[in-house]
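One-based numbering along the sequence shown.
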Amino acid sequence: MGHGHAAGGRVLKAEDLFHLGIVVEDFEATLAEFSALFGYEWCDEIGGPLPVTLSGGDAVVDIGCVFSRTSPRLEIVRRVPGTLWEPAAGGAVHHVGYWSDDVAADTAELAAQGFVTEATRAGVDGAPFAFLRSATTGYRVELVSRASQPGLERYWGDRHESVPVPVPARSRAAGGRDA
C-alpha cells in the first residue's frame, strides 16, 4: 500500500483490506455460529501475552484470536476487559485490517485525518502494527506491515504445520497485565 494521499484524500487502498476483526464475548459460540451458518473454516488459535504501547504507556495484553481460512477473511478476537479489545456495540465489526508498506507513515497520515492511535507494537519479525480509531465516526483501522503477509498467508493455508505468525503462541495460563 502506498502511503500518502491519493485522489480525493485517500490514505489507504481498498485492495489492501485483508480482514474484518470482530471482538467477542463468547469465542467458541461465535466460531460455531459462523461455521454452521456461513460455512467458515478456522485456523488454529494464536495469541498470548503481547507487549503493546497504549495511550497510557507500555502494557502486556493477553490476546487470543483466530483467522478464518475462508474468505472474506475474518479475525475473531477474544475480549480483553478494560482495553480497546472489547466487543463493538451489537456485535458489530470491531476493526478493518489493512496491509501497509510503511506503518509509521500511514499512521501519521491517518492521524492528520483525525484518527487517534490506540495501540502500537513491533511484530515478532520486527514488523510494526498499529490500531487507530476515527475521532469522528469511532471506527477502527488496524495497520499491519506487509512484511507480515507471507507468514500470515502460510498460517491461513496450513492446517498442520506450525509457521511463524506476527503473534506469539497462545498461552491460556497467561493473564493480561501491565508491563
Practice item. Could you tell me the separation between the CG atom of Asp102 and the CD atom of Glu109, rounded to the nearest 0.5 Å? Key: 9.5 Å
Practice item. Would you please name every residue forming a side-chain contact (heavy atoms from CB on, under 4.5 Å) with Thr120, sequence neighbours left out? Key: Thr53, Thr117, Ala130
Exercise for review: Measure centre to centre between the rings of Tyr139 and Phe115, then say whether the value is under 6.0 Å.
Suggested key: yes
Revision key, fill the gap. In short, Gly157 meets Arg69 closest at the heavy-atom pair C-NH1, 3.7 Å
Practice item. Work out which heavy atom in Ala92 is nearest to a heavy atom in Ile22; give both atom names and the distance. Key: O-CG2, 4.2 Å
Point to revise | Set of residues satisfying side-chain hydrogen bond (donor to acceptor under 3.5 Å, both in side chains) with respect to Thr137, sequence neighbours excluded | key: Ser134
Review point. Do side-chain atoms of Ser148 reach the backbone of Val144 as a donor and acceptor pair under 3.5 angstrom?
Key: no
Review point. Any idea which heavy atoms bring Tyr98 and Leu17 closest together, and the distance?
Key: CD2-N, 3.5 Å
Review point. Would you say Tyr155's side chain and Asp44's backbone share a donor-acceptor pair under 3.5 angstrom?
Key: yes
Exercise for review: Could you pull out all residues at least two apart from Phe67 that satisfy ring-ring contact (aromatic ring centres under 6.0 Å, His included)?
Suggested key: His19, Trp156
Review point. Taking 4.0 angstrom as the limit, do Arg78 and Glu25 come out as a salt bridge?
Key: no
Revision key, fill the gap. By side-chain contact (heavy atoms from CB on, under 4.5 Å), Ser71 pairs with (sequence neighbours left out) Arg73
Point to revise | Partner residues of Gln149 under the side-chain hydrogen bond (donor to acceptor under 3.5 Å, both in side chains) criterion, sequence neighbours left out | key: Arg146, Glu153
Practice item. Identify, with sequence neighbours excluded, every residue that meets side-chain contact (heavy atoms from CB on, under 4.5 Å) alongside Arg133. Key: Val116, Glu118, Arg140
Exercise for review: Could you list the residues that satisfy side-chain contact (heavy atoms from CB on, under 4.5 Å) with Pro72, not counting sequence neighbours?
Suggested key: Tyr40
Check your understanding: Minimum heavy-atom separation for Glu45 to Gly64, with atom names?
Key -> OE2-CA, 3.6 Å
Review point. Does the side-chain hydrogen bond (donor to acceptor under 3.5 Å, both in side chains) test come out yes or no for Glu75 and His95, once each step is laid out?
Key: CA-CA 9 Å; Glu75 176 190 30; His95 65 272; 2.9 Å; yes
Practice item. Could you tell me whether the side chain of Thr70 and the main chain of Glu41 form a donor-acceptor pair under 3.5 Å? Key: yes
Study note, to complete from the structure: Heavy atoms of Leu84 and Ala119 approach each other most closely as CD2-CB, 3.7 Å
Review point. With sequence neighbours excluded, what pairs up with Glu86 under the salt bridge (Lys or Arg N to Asp or Glu O under 4.0 Å) test?
Key: Arg79
**Study point:** Nearest heavy-atom neighbours spanning Ser100 and Val103
**Key:** OG-N, 3.2 Å
Review point. Ignoring hydrogens and geometry, is there a side-chain-to-backbone donor-acceptor pair from Thr30 to Val24 under 3.5 Å?
Key: no
